[in-house]
Enquirer: 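First, the structure itself, so that you have it in front of you.
Each chain gets a letter, A, B and so on, in the order the sequences are listed, and its residues count up from 1.
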2 protein chains.
Amino acid sequence: MNATTELTATVISPEEIRKHWQSHRGLTRRLIEAFPEDQFFTFSIGGMRPFSELIAELNRIAASAATGLPTGNWHSESYASATTPATKAEVLALWDNVTTAIDSNWPLMTLERFHETDKAFGMYEGVVYSLLLYFIDNEIHHRGQAYVYFRALGLEPVPFWDRN
Amino acid sequence: MNATTELTATVISPEEIRKHWQSHRGLTRRLIEAFPEDQFFTFSIGGMRPFSELIAELNRIAASAATGLPTGNWHSESYASATTPATKAEVLALWDNVTTAIDSNWPLMTLERFHETDKAFGMYEGVVYSLLLYFIDNEIHHRGQAYVYFRALGLEPVPFWDRN
């Protein structure tokens, strides 16, 4: 915990937005667990990517962001060359490694860092807070699409409002 | 604009999160405009609500939040009794009224308010910043579902990354 977690006269503290991000990641993880293994890699609507490909994108982004957001090191080369795992177990193991990496690097996030300009993955310029929000929003967006896949498969997804 | 918009040593300022919210609302509005009128009220996948019903929910939430977030007055009675408009034009007119209401009430949002506890719509208890994030997230979630509806209809949706 750094001193900024003690702030109350603020929109949101660094610790609160870390928890917000991780709580969304927790929900996405539960949705991956609940998705049938075979359909995870194949099911699609309207020519869209299967859930596995959406998750591979989210894993690449978050793995790069875990160090990129706090330090500016986006590991752009490994980001570009990352491959998609072949089983849900591998996907989840990668997901969990990223979860740990986010938390272990988070103490490096200073308040000033949130308003520095950086290039995500060496490509997309933005202010750090807006890059972080984009990554979270992008996860919610794709996960929302996976909710439709669930329903189209006749399955009941985990509740969106449950982030515990 | 109030003095808090001048803060730089912060995760995100009140003005930045207002813009973030409104930029998402702008994207959702463009998606409503692009959706075919007839399908807007009828098209569904897997027993889910049509886009019109998802948007009706978002309009109810945002209309209530426009005053509820800054002042604690959620107009819970009108929230509960709100009806779904019958045409896209009416939906968009309601959407624009809410956009104006959010902006006109936003100067009432103090930094302290973001960490007060309140009951959204008189029902759901939470800290104000987390209620706001929930409303934004809920919009992204349902809009992501509408992107699948677009694709399933063989249409190209407006790009997710374009919030201008």
Side-chain angles (χ1 to χ4, degrees), chain A residues 4-5 7-21 23-24 27 44-49 54 109-116 124 126-130 132-134 136-157 159-161 163, chain B residues 4-5 7-21 23-24 27 44-49 54 109-116 124 126-130 132-134 136-157 159-161 163:
Chain A
T4 54
T5 60
L7 289 176
T8 52
T10 187
V11 172
I12 185 168
S13 74
E15 173 61 8
E16 286 164 344
I17 202 160
R18 184 199 65 79
K19 277 190 193 160
H20 178 69
W21 189 14
S23 74
H24 271 298
L27 173 59
S44 161
I45 292 176
M48 293 178 64
R49 291 172 286 175
L54 301 176
M109 289 294 291
T110 61
L111 275 184
E112 290 71 25
R113 176 65 182 155
F114 283 94
H115 280 83
E116 288 177 9
Y124 305 109
V127 181
V128 168
Y129 86 81
S130 71
L132 170 56
L133 290 178
Y134 188 87
I136 298 172
D137 296 347
N138 186 57
E139 176 168 340
I140 300 168
H141 174 69
H142 286 318
R143 190 182 57 211
Q145 298 174 332
Y147 271 74
V148 184
Y149 290 8
F150 257 82
R151 295 286 186 189
L153 288 165
L155 302 169
E156 173 87 17
F160 171 72
W161 44 263
R163 309 268 171 74
Chain B
T4 54
T5 60
L7 288 176
T8 53
T10 187
V11 171
I12 185 168
S13 73
E15 174 61 8
E16 286 165 343
I17 201 158
R18 183 198 66 78
K19 277 189 191 159
H20 177 71
W21 187 14
S23 73
H24 271 298
L27 173 59
S44 161
I45 293 177
M48 294 178 63
R49 289 173 286 176
L54 301 176
M109 288 295 291
T110 61
L111 276 184
E112 290 70 26
R113 177 63 183 158
F114 283 95
H115 279 83
E116 288 177 8
Y124 305 109
V127 181
V128 168
Y129 84 81
S130 71
L132 170 56
L133 289 179
Y134 188 87
I136 298 171
D137 296 347
N138 185 58
E139 175 167 342
I140 300 167
H141 173 70
H142 286 317
R143 189 182 58 211
Q145 297 173 333
Y147 270 73
V148 184
Y149 290 8
F150 257 82
R151 294 285 186 190
L153 288 165
L155 303 169
E156 174 86 18
F160 171 71
W161 45 262
R163 310 270 170 72

Enquirer: For A/F160, check ring-ring contact (aromatic ring centres under 6.0 Å, His included) against everything at least two apart and list the hits.
Expert: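 Partners of A/F160 by the ring-ring contact (aromatic ring centres under 6.0 Å, His included) criterion, ordered by chain and then number, come out as B/Y134, B/H141.
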Enquirer: Heavy-atom pairs under 4.5 Å with chain A - which of B/L153, B/L155, B/N138 has more of them than the others?
Expert: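 Among B/L153, B/L155, B/N138, the one with the most close pairs to chain A is B/N138.
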Enquirer: Can you say whether A/H142 sits under 4.5 Å from chain B via the side chain, the backbone, both, or neither, judging by heavy atoms?
Expert: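 When you check distances to chain B, no heavy atom of A/H142 falls under 4.5 Å.
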Enquirer: What is the distance from atom CG of A/L133 to atom CD1 of B/I136, rounded to the nearest 0.5 Å?
Expert: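 A/L133 CG to B/I136 CD1: 8.0 Å, rounded to 0.5 Å.
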Enquirer: Given the options A/I140, A/D137, A/I12, which has more heavy-atom pairs under 4.5 Å with chain B than any of the others?
Expert: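 Of the candidates given, the most pairs with chain B belong to A/D137.
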Enquirer: Could you measure the distance from the OH atom of B/Y129 to the OG atom of A/S13? Nearest 0.5 Å is fine.
Expert: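 Rounded to the nearest 0.5 Å, the OH-OG separation comes to 6.5 Å.
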Enquirer: Please state whether the side chain, the backbone, both or neither of A/R113 comes within less than 4.5 Å of a heavy atom of chain B.
Expert: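 Contact with chain B is absent: no heavy atom of A/R113 under 4.5 Å.
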Enquirer: Using the rule given for side chain to side chain contact (heavy atoms under 4.5 Å, CB included), can you reason through A/I45 versus B/R151, listing the C-alpha separation, both sets of side-chain angles and the distance that settles it, and then say yes or no?
Expert: CA-CA 7 Å; A/I45 292 176; B/R151 294 285 186 190; 5.6 Å; no
Enquirer: Contact between B/T10 and A/H115 at the side-chain level, heavy atoms closer than 4.5 Å - yes or no?
Expert: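 They are in side-chain contact.
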Enquirer: Apply the test side chain to side chain contact (heavy atoms under 4.5 Å, CB included) to residues A/V11 and B/L111: give CA-CA distance (whole Å), side-chain angles for both, the deciding distance (0.1 Å), then the verdict.
Expert: CA-CA 6 Å; A/V11 172; B/L111 276 184; 4.1 Å; yes
